[in-house]
Protein chains: 2
Amino acid sequence: MIYTPTIQPPKNAPQLAITRRTRSTPFSSRVEDFGVQAYTIYNHMLLPTRIRGVEEDYFHLRSKVQLWDVSCQRQVELRGPDAARLAQLMTVRDLRKLEIGRCALAPICDQDGFLLNDPVAIRVAEDRFWFSISDLDILLWAQGIALGMKLDVQIFEPEIWPLAVQGPKAEDVVVAVFGEAVRKTKFFRFDNLDFRGHKFLVARSGWSAQGGFEIYVDDAAIGLQLYDALAEAGKQFDIGPGCPNLIERIEAGLMTYGSDITRADTPLEAAMEQYVSLDADIEAIGLDAIRAVAKRGIDRRVCGLMIDGPKVPLNRNPWPVKVGGKQIGSVTSAVWSPRLETNVSLGQLAIDCTPVGTQVTVQTPDGEFTAKVSPVPFL
Amino acid sequence: MIYTPTIQPPKNAPQLAITRRTRSTPFSSRVEDFGVQAYTIYNHMLLPTRIRGVEEDYFHLRSKVQLWDVSCQRQVELRGPDAARLAQLMTVRDLRKLEIGRCALAPICDQDGFLLNDPVAIRVAEDRFWFSISDLDILLWAQGIALGMKLDVQIFEPEIWPLAVQGPKAEDVVVAVFGEAVRKTKFFRFDNLDFRGHKFLVARSGWSAQGGFEIYVDDAAIGLQLYDALAEAGKQFDIGPGCPNLIERIEAGLMTYGSDITRADTPLEAAMEQYVSLDADIEAIGLDAIRAVAKRGIDRRVCGLMIDGPKVPLNRNPWPVKVGGKQIGSVTSAVWSPRLETNVSLGQLAIDCTPVGTQVTVQTPDGEFTAKVSPVPFL
């Protein structure tokens with residue numbers, strides 16, 4: 001699919017057309033009142049990608065605290081007698097030990113072991129699961145399977161709009177609103193906490209390396225009150241709207257499904273082997289296929305690269321990576337890091353080129369530059 | 001889901017963040033060189049929505065001819081022994097009479113009869129079907145069903161990027177490139193026509209009421225040559241890039257899946273009864289449920305409304321429609337028609353309010369205005 005490998009971003013920065021189909025969120029008005037600069041569409045919903053400027057957002061996130069409208073992290077809920085069976089069928093990670101109150105990164109694969117999604121799975125109750133999905137209609141995958149197999153399970157997208165609080169001051173802000181108990185919530189665990197008489201599922205999680213929480217807002221009206229209460233409580237820390245930040249997430253090695261990892265990859269090429277229960281005796285779609293890949297070994301893998309030269313443009317198509325003039329991989333996300341004063345990027349390389357320090361060249365839209373495989377996170 | 005019914009569009013017109021995940025097309029560079037003003041994301045791919053300005057595009061489309069990059073009309077291909085069975089399972093329209101060379105609007109529903117999609121189905125060969133889908137991952141629905149039912153069928157998204165030629169001069173332009181034979185292609189039929197030694201599937205179809213063709217480009221490199229040849233041949237008719245136009249499509253009564261019709265509707269509320277084979281003896285998901293709806297009758301239905309007052313803003317959430325202060329429906333797409341000199345819109349109303357001429361009020365973000373049910377198309 002690399003038909004235009006080095007196309008430049010459009011010169012005139014097209015706007016996003018916003019309609020009912022590109023769903024707005026309970027928090028859109030707040031983000032827009034502040035002045036969001038750029039949106040993307042994710043799971044058919046608005047997701048801010050730039051508030052003040054990518055670099056300004058980056059420094060603010062690393063030093064202060066941000067409110068992220070990540071409503072687009074849609075939940076696929078499974079409920080009923082066959083919920084646990086279907087949840088396990090859907091992920092190659094053993095869910096038998098997933099207790100209520102825990103979150104688990106749970107790769108969803110097709111029967112050939114290729115990645116359909118890298119969601120966080122949550123067991124809300126014994127017979128009730130949520131998959132907090134990345135950008136693909138996993139709802140239809142689950143419903144198609146259940147229909148074909150005649151499973152006894154309800155599958156739907158509940159009205160939940162996650163709101164993240166991220167940054168070094170996130171805990172102080174969330175404590176100010178939900179109370180001291182939240183300090184005891186461990187990473188990737190959740191509690192049900194009270195705000196003005198409404199219980200919110202609050203997890204210590206989020207798509208940055210700066211720490212923070214994700215609040216699963218299930219009521220738009222009180223959710224907006226919560227947003228404003230968090231904004232008020234965070235004033236002393238210079239809180240403001242934010243969003244997943246391109247620089248921060250690349251530096252942290254957070255891969256985007258659809259950009260850095262796709263359905264062309266199994267979880268093994270995607271460096272997600274720790275989330276695949278290769279030895280578990282479970283019925284999981286794609287697990288046998290991944291076992292076969294594990295047995296014969298992978299020939300490429302995601303990794304980080306530092307790219308020399310001036311600031312790279314945004315990359316909208318994979319950029320070829322070469323050694324000795326021969327393509328051995330591609331860069332899929334890249335950006336200038338103002339802190340590291342170089343370009344940081346994620347991509348996939350032939351397995352023998354993945355050791356840290358390997359020298360390669362990257363063909364960017366601005367020309368070819370030398371690059372070096374880097375440890376991830378880039379720190 | 002009407003949590004913010006009358007929210008205004010953002011004041012500062014946010015840009016679209018373009019990444020690998022928001023897939024570019026073989027024609028993106030051409031559209032951007034011309035200077036596209038706005039994009040949306042549709043099936044995880046860029047779709048231009050405004051080239052010169054909505055009104056400028058409208059008049060150009062109605063009088064000249066446009067090249068539309070509708071690559072985002074992704075195909076779901078079914079191929080193999082069970083392809084015909086799965087194709088029929090997937091749509092409530094009887095496909096037994098769908099000959100090779102024909103296109104058919106074929107609603108896809110879930111088991112409760114609710115709309116998942118309103119694609120055009122094409123029978124490419126005896127055991128080979130394409131669904132040209134609107135914005136939802138029907139690929140996963142088909143694959144989930146096939147996996148659950150253990151069907152013997154390949155299901156995939158082929159590398160096809162449809163290119164539409166639309167407008168009153170479309171036939172002349174397509175003839176100049178593909179030859180006179182194309183004049184004989186009837187509406188919703190296709191032929192395989194030669195351009196520089198490559199056969200293209202060319203259908204007389206497209207998402208406007210101005211007439212034209214859709215070319216199913218299956219090779220990016222020669223597809224770009226074709227784009228340039230069409231642009232050259234169309235110079236005498238003032239050809240230029242275009243896209244589905246908000247004014248033209250509302251005037252024509254073309255409904256957008258995700259905006260005007262959604263999974264909350266069966267094909268009956270969506271005024272698609274002519275595409276539902278209620279009496280056919282076929283195995284089709286959702287057909288029994290729709291028969292039950294047909295038996296008891298629908299209580300609401302899509303229709304057109306002319307809204308009085310000044311130009312309405314773009315509507316991003318359904319606007320309540322009222323009679324005597326009571327909500328009886330909503331408006332889902334609306335725009336000022338410079339030709340009709342009024343606002344034209346599509347929405348859904350309680351069935352007793354759908355007769356042409358019914359007087360209602362519409363609550364827009366700019367206030368409440370009187371409106372009247374109008375015939376569709378608005379002409």
Side-chain angles (χ1 to χ4, degrees), chain A residues 1 3-4 7 9-24 26 28-29 32 35-41 44 48-50 110-111 116 135-138 140-151 159 220-221 256-260 285 314-318 332-333, chain B residues 1 3-4 7 9-24 26 28-29 32 35-41 44 48-50 110-111 116 135-138 140-151 159 220-221 256-260 285 314-318 332-333:
Chain A
M1 280 270 292
Y3 40 85
T4 49
I7 189 173
K11 284 181 194 69
N12 60 331
Q15 295 170 15
L16 171 66
I18 296 175
T19 63
R20 183 190 186 191
R21 184 178 56 77
T22 63
R23 298 179 287 181
S24 300
S28 295
S29 60
E32 292 167 13
V36 57
Q37 292 182 358
Y39 271 131
T40 188
I41 301 298
H44 313 278
T49 65
R50 205 170 74 234
D110 66 21
Q111 63 265 48
L116 292 178
D135 182 35
L136 207 69
D137 296 322
I138 292 301
L140 295 185
W141 173 247
Q143 290 177 325
I145 292 166
L147 181 65
M149 293 181 67
K150 300 182 178 171
L151 299 181
E159 293 203 352
T256 295
Y257 183 79
S259 286
D260 307 308
I285 295 165
L314 293 181
N315 72 338
R316 61 192 292 183
N317 281 91
T332 49
S333 295
Chain B
M1 281 269 292
Y3 41 84
T4 49
I7 189 172
K11 284 181 194 69
N12 60 330
Q15 296 170 15
L16 171 67
I18 296 175
T19 63
R20 183 190 186 192
R21 183 177 57 77
T22 63
R23 298 179 287 182
S24 300
S28 295
S29 60
E32 292 166 13
V36 57
Q37 292 182 358
Y39 271 131
T40 188
I41 301 298
H44 313 278
T49 64
R50 205 170 72 234
D110 66 21
Q111 64 265 48
L116 293 178
D135 182 36
L136 207 69
D137 296 322
I138 292 300
L140 295 185
W141 173 247
Q143 290 177 325
I145 292 166
L147 181 64
M149 293 181 68
K150 300 182 179 171
L151 299 181
E159 293 203 353
T256 294
Y257 183 79
S259 287
D260 307 308
I285 295 165
L314 293 181
N315 72 338
R316 61 191 292 182
N317 281 91
T332 49
S333 295

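Proteins come first, then strands; the chains are lettered A, B, ... in the order of their sequence lines, and each starts at number 1. Owing to the predicted nature of the structure, the values given are computational and were not obtained by experimental measurement.
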Give, for atom [atom1] of [X] and atom [atom2] of [Y], the distance between the pair rounded to the nearest 0.5 Å.
{"X": "A/D260", "Y": "B/R20", "atom1": "CG", "atom2": "CZ", "value": "8.0 Å"}
{"X": "A/H44", "Y": "B/H44", "atom1": "NE2", "atom2": "NE2", "value": "6.0 Å"}
{"X": "B/I285", "Y": "A/L147", "atom1": "CD1", "atom2": "CG", "value": "5.0 Å"}

Query raised in the report: Less than 4.5 Å apart, any side-chain heavy atom of B/Q143 and any of A/D110?
Result: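 No, side chains not in contact.
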Query raised in the report: Do A/S24 and B/N317 touch side chain to side chain, with heavy atoms closer than 4.5 Å?
Result: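 Heavy-atom side-chain distance check passes, below 4.5 Å.
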Query raised in the report: For A/G148 and B/M149, which heavy atoms make the closest approach, and how far apart are they?
Result: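 Between these two residues, the closest heavy atoms are CA-CG, 3.6 Å.
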Shorter than 4.5 Å, heavy atoms on both sides: which option in [options] has the most such pairs with chain A?
{"options": "B/P14, B/G258, B/P48", "answer": "B/P14"}
{"options": "B/T256, B/L140, B/L116", "answer": "B/L140"}
{"options": "B/L136, B/T49, B/I41", "answer": "B/L136"}

Chain A heavy atoms under 4.5 Å from [X]: which part of the residue, side chain, backbone, both or neither?
{"X": "B/T22", "value": "side chain"}
{"X": "B/I138", "value": "both"}
{"X": "B/Q111", "value": "side chain"}
{"X": "B/T19", "value": "both"}

Query - Selection from A/N315, A/L151, A/T40 maximising heavy-atom pairs under 4.5 Å formed with chain B - result: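 Among the listed options, the one with the most contacts to chain B is A/T40.
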Query raised in the report: Looking at A/I145, A/D137, A/T332, A/L314, which has the largest count of heavy-atom pairs under 4.5 Å with chain B?
Result: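 Top count of heavy-atom pairs under 4.5 Å with chain B: A/D137.
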Query raised in the report: Non-hydrogen atoms of chain B under 4.5 Å away: do they reach the side chain of A/D135, the backbone, both or neither?
Result: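 Interface part for A/D135: both.
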Query raised in the report: Is a donor on one side and an acceptor on the other found under 3.5 Å between the side chain of A/N12 and the backbone of B/E32?
Result: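 Checking the backbone N and O of B/E32 against the side chain of A/N12, no donor-acceptor pair under 3.5 Å is found.
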